[in-house]
Each structure stands twice: as C-alpha cells, then as structure tokens.
Amino acid sequence: MRPTNAPDPELRAKVVKRDIDNVLHPLVQHRQLEKSPTVVTGGQGSTIYDADGTAYLDGMAGLWCVNIGYGRTELAQVAAEQMQQLAYYPHTAMNLPAAQLAEQVNGLLGGGYHVYFVNSGSEANEAGFKIARQYYKNEAPGEGRYKTIGRYFAYHGTTLSTLAAGGMGERKMKFEPLGGGDFVHVAQPTCYRCPFGLSYPSCNLACVKNIENTILGEGPETVAEVLVEPIMSGVGIAVPPDEYLPEVEKICRKYGVLLHVDEVINGFGRTGKLFGHQHYNVSPDIIAIAKGISSAYLPIAATVVKNNVFNAFLGEVSEGRHVVQVNTYGGHPAAAAVAVRNIEIMLEEKLVDRAAEMGKYLMDGLRTLLHHPWVGDVRGKGLLQGIELVKDRQTKEPVDGTQIQGVVDFCRKQGVIVGRSGGGRNYSNTIALSPPLVITRAECDRIVETLGKAIAAMGAQMLA
Ligand SMILES: Cc1ncc(COP(=O)(O)O)c(C=O)c1O
C-alpha cells in the first residue's frame, strides 16, 4: 500500500483525466473543478492528503461523518473478514453483524427500540416518513394521518421527499414542484435571527407555539409526525433553547403525533452526547441515523423505531401489517460489521466525552475571535460549531457569499478545511465546523488561528 501522504503526480494526472472525461460530481461546478481539482489519496486522524502530498486538517470530517478519524486500517480488516464469511444476503433473513449492530444501537438509546437498516441519511428519513404513515394506517386506519411537519431551513436529505420535508429553498428550486401538502413547515429555532423578531426567553418559545398552531391548522387527524434535527446543522448550527425539544415532544404527545428526530449529523458523539436528543431528555418515536454510525468507512444508515411503533407492524401475515418496503443493501453484513467495530472504537476511546471536552476547548478558542467586529455569533455543542459572520454586529447584516467563501478559501490555502453552512439565501453566512472526534488541542488551536487570520483578511478587504 502506498503511504497516505506520498506525492504522486502520475496518479494525479491519471485520475484527473479519467474523472473529467467521465464523472458527474455533486454540488460543484465542473468548470471550476477542472481548474483546481483535488485528488484525495489518503487520511490519518483528522488529516487528509491529496495527490500532491499536501496535508489538510479536515475541520468538517468529510461531510460531517468521519467521527473516529481517518486511517483506521483495522476496519478494512473487519470488512475483509466479514466478506470472506458472508458478503451479502437480503435482510429479509437475519445475519450476525446486523443483529449485533441493532442490539448495540438499541443499547446506546437506552433500549426499547428496533432498527430498520438502509444506506444513507436520506433513506433513513424517507423510511421514517413511510413508517410513520404505515403506523397510522395499521393502528388507526380511520384517521388517515400522513403529514410531516418540518422546519424551514432544515436539511433532511437529497431525495424528493426529504427535500420536500426540509426547508432549503435553494436546494429544492430546481426540482419543484415537489408534490402535494404532505410536508408542512414551521419556523425554525434560530435564536440569533429569531424568525418572529423576538428574544429568548421573553419570546415564550413562539417557535414551539407555531408548531401547535400548525398542527391545529392542518387538523391533528391529518398529522403523522413532527421532524426535527435536535441541533440544526444546515442553518448555521442552530442550538435551540433547552426547553425547545421537551416542549415539542409535549405537543406531539398532546395531539397523538409521532416525534421523528434526525440524528444523521448529531448522532454518534458529534454533539458531546451519543445522540443530540439526549441533551434534552426526550424519547423520540422515530430516529434517523447515518454518518457516524460507521464513520463513513462503509455506507450504512438506519431508521430506529420505538417499540410502540414497532408493535403496530406485528400481526398475522394475512393482516399485511409488515413493513412494506425493502432496499437491496439494507443490513449489509460487511457495512454492519464495520459499524459495530466503529462504535466499539468510539466507546473504547471515550470519543463522546472527548467531543464534549474538545468541543469546549474549540468553542473557547473560537470565542476569542469575537474581538473581530465581523464575528456576530459563535455557537454549537460538542464538536458541531458555527461562527456567524456579519458586516455589522448591530444590524446583523450577513456578509456576502463571496466574503464567506473567501474565508473558506483562505483557510484551505493554509491547509485547513472549514465548512460553510448551506442554509441558503439568509443563512449561508456561517462557517461550520464538525471535525473528527479525535481532533487534538493543537489542531483546534490551528483552526482558531487560521480562521482568525482569514476573518481579519476578509475584514481588511471589506474596509478597503
Ligand atoms: C441532518 C441531515 N439529515 C439527512 C442527511 C442526508 O444524509 P445522506 O447524505 O447520507 O443521504 C444529511 C446529509 O448531510 C443531514 O445533514
């Protein structure tokens, strides 16, 4: 195996030619990609290497997912051993790694759940919508509940239904119309920019009242579930007030609506607890998990359902209560085996506690950047953090797209990858950080130092 950080110009040239001739990439403009292509060749800890041998400190853990860090070769061993034993069989039958993983996940959630395996966060949410609908079809066929209430500026995935459930206009507009009124939206809990123009706590959680009002307006008998990401990532890392999620749960219980929590990013230690909702002591009915479940070493995800939901799928064969969906790779033995070991590593190395500890350290560092007049807010939990950049702290006018992109590009040139929140028009002025949970203090210092220089350079340009 070639060393991860060895420059390899020949390989680079080969990949670039083949790629440009054949690949269609997500999100990036090919014309731009062609000018400065990055060929990633390896990774170790919190660092990735390109074919030039350049090292980058990855402040985003890929796409918010490589929680245990890069270069864990033992996971390759686990996958190889499982593939020699059994590479694949449909999950209508049972296999050991998937059963182990389900048991592990159920245990981490405190018990009382069953796990339905899929391959991506989008599918996990999508299966959640379908399970919620079928739950009501099975349990209360007369009611016909089918609507999902989501929040504006949320991201829940890339399929048509998960886009519809999310609230990012810019991600949807090329595909609209997205269908009927199955997905209804309420205001998001972004306290720094409260959608109601209020301030916490005198707002009395207007955003929660908005949910109740929407359930009543839609007719509770039509609403199947409320979908929330505990700490919203896409909208610039929005941490809600502590009472928000418990109050949302109360409303769900009051109107017999299921609580569906998206833990795709929040889950598996990212926020300093195993799951984001565990900060708020709520008990969701449906939980979507992905990314950190395998730290992206292999694709695997799941929709986890509380036993009250699971029980609605039990009955005689003739009743047709069973889960009416399947995906070919669900419960894939090799992916499940890798996820099991990934979670073991997370627990053995106490990476959840580490995320809390390093998160505090990183946050303290980022708060020192508040001396820049262009830093409006620093927020987050664990190793999920955002730095919102503004032109003016009083008016909170967001910096322009080119200005925040300048910060991202500056950091990259210095060998540090930071993200930019994808919330769209009003919320894309936040730098996002979601590094591997193995990040060191020195690496946190480097992120803070580099961001400080980048923000100063942006400010100098604004003043020029
Ligand atoms: C909160 C959230 N939910 C769902 C998804 C979709 O996951 P995937 O890209 O694996 O389909 C993402 C992806 O980033 C996400 O951030």
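Numbers here simply count residues along the sequence, with the first being 1. We count ligands from 1, going down the list as the structure has it; atoms in each ligand are counted the same way. Keep in mind the model is a prediction, meaning the values are calculated, not measured.
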Legend entry - R412 side chain to T38 side chain, donor-acceptor N/O pair below 3.5 angstrom: yes
Inset, instruction - State, without any angle test, whether N266 and H277 hold a side-chain donor-acceptor pair at a distance under 3.5 Å. - result: no
Inset, instruction - Evaluate whether atom OH of Y329 has more than 12 neighbouring non-hydrogen atoms of other residues, nucleotides or ligands under 6.0 angstrom away. - result: no
Inset, instruction - Kindly check if the number of other-residue, nucleotide or ligand heavy atoms within 6.0 Å of CG (N281) is above 12? - result: no
Can you confirm, on distance only, whether ligand 1 has an N/O atom lying under 3.5 Å from any N/O atom belonging to [X]?
{"X": "T158", "value": "no"}
{"X": "K291", "value": "yes"}
{"X": "E229", "value": "no"}
{"X": "V264", "value": "no"}

Inset, instruction - Hey, can you tell me if F275 and F268 have their rings parallel, tilted or perpendicular (30° and 60° cut-offs)? - result: perpendicular
Going by the order shown, which atoms of ligand 1 are within less than 4.0 Å of some heavy atom of [X]?
{"X": "G157", "answer": "4 (C), 6 (C)"}
{"X": "S120", "answer": "10 (O), 11 (O)"}
{"X": "N125", "answer": "3 (N), 4 (C)"}

Legend entry - For ligand 1, the portion of W64 having any non-hydrogen atom under 4.0 Å away: neither
Inset, instruction - Report the part of S122 in contact with ligand 1, treating N, CA, C, O as backbone and CB onward as side chain, heavy atoms under 4.0 Å; options are side chain, backbone, both, neither. - result: both
Legend entry - Cation-pi check, R145 onto Y136 ring (under 6.0 Å, within 45° of axis): yes
Closest approach of any protein heavy atom to [atom], naming residue and atom:
{"atom": "atom 8 (P) of ligand 1", "result": "G121 N, 3.4 Å"}
{"atom": "atom 16 (O) of ligand 1", "result": "I265 CD1, 3.1 Å"}
{"atom": "atom 15 (C) of ligand 1", "result": "Y155 CD2, 3.7 Å"}

Legend entry - Close side-chain approach of E126 to H156, heavy-atom, < 4.5 Å: no
Legend entry - Ionic contact status for K254 with E212, cut-off 4.0 Å: yes
Legend entry - Salt bridge flag under 4.0 Å for residues K396 and E388: no
Inset, instruction - Between T159, D262, I231, L63, flag the one that comes closest to atom 2 (C) of ligand 1 by a heavy atom. - result: D262
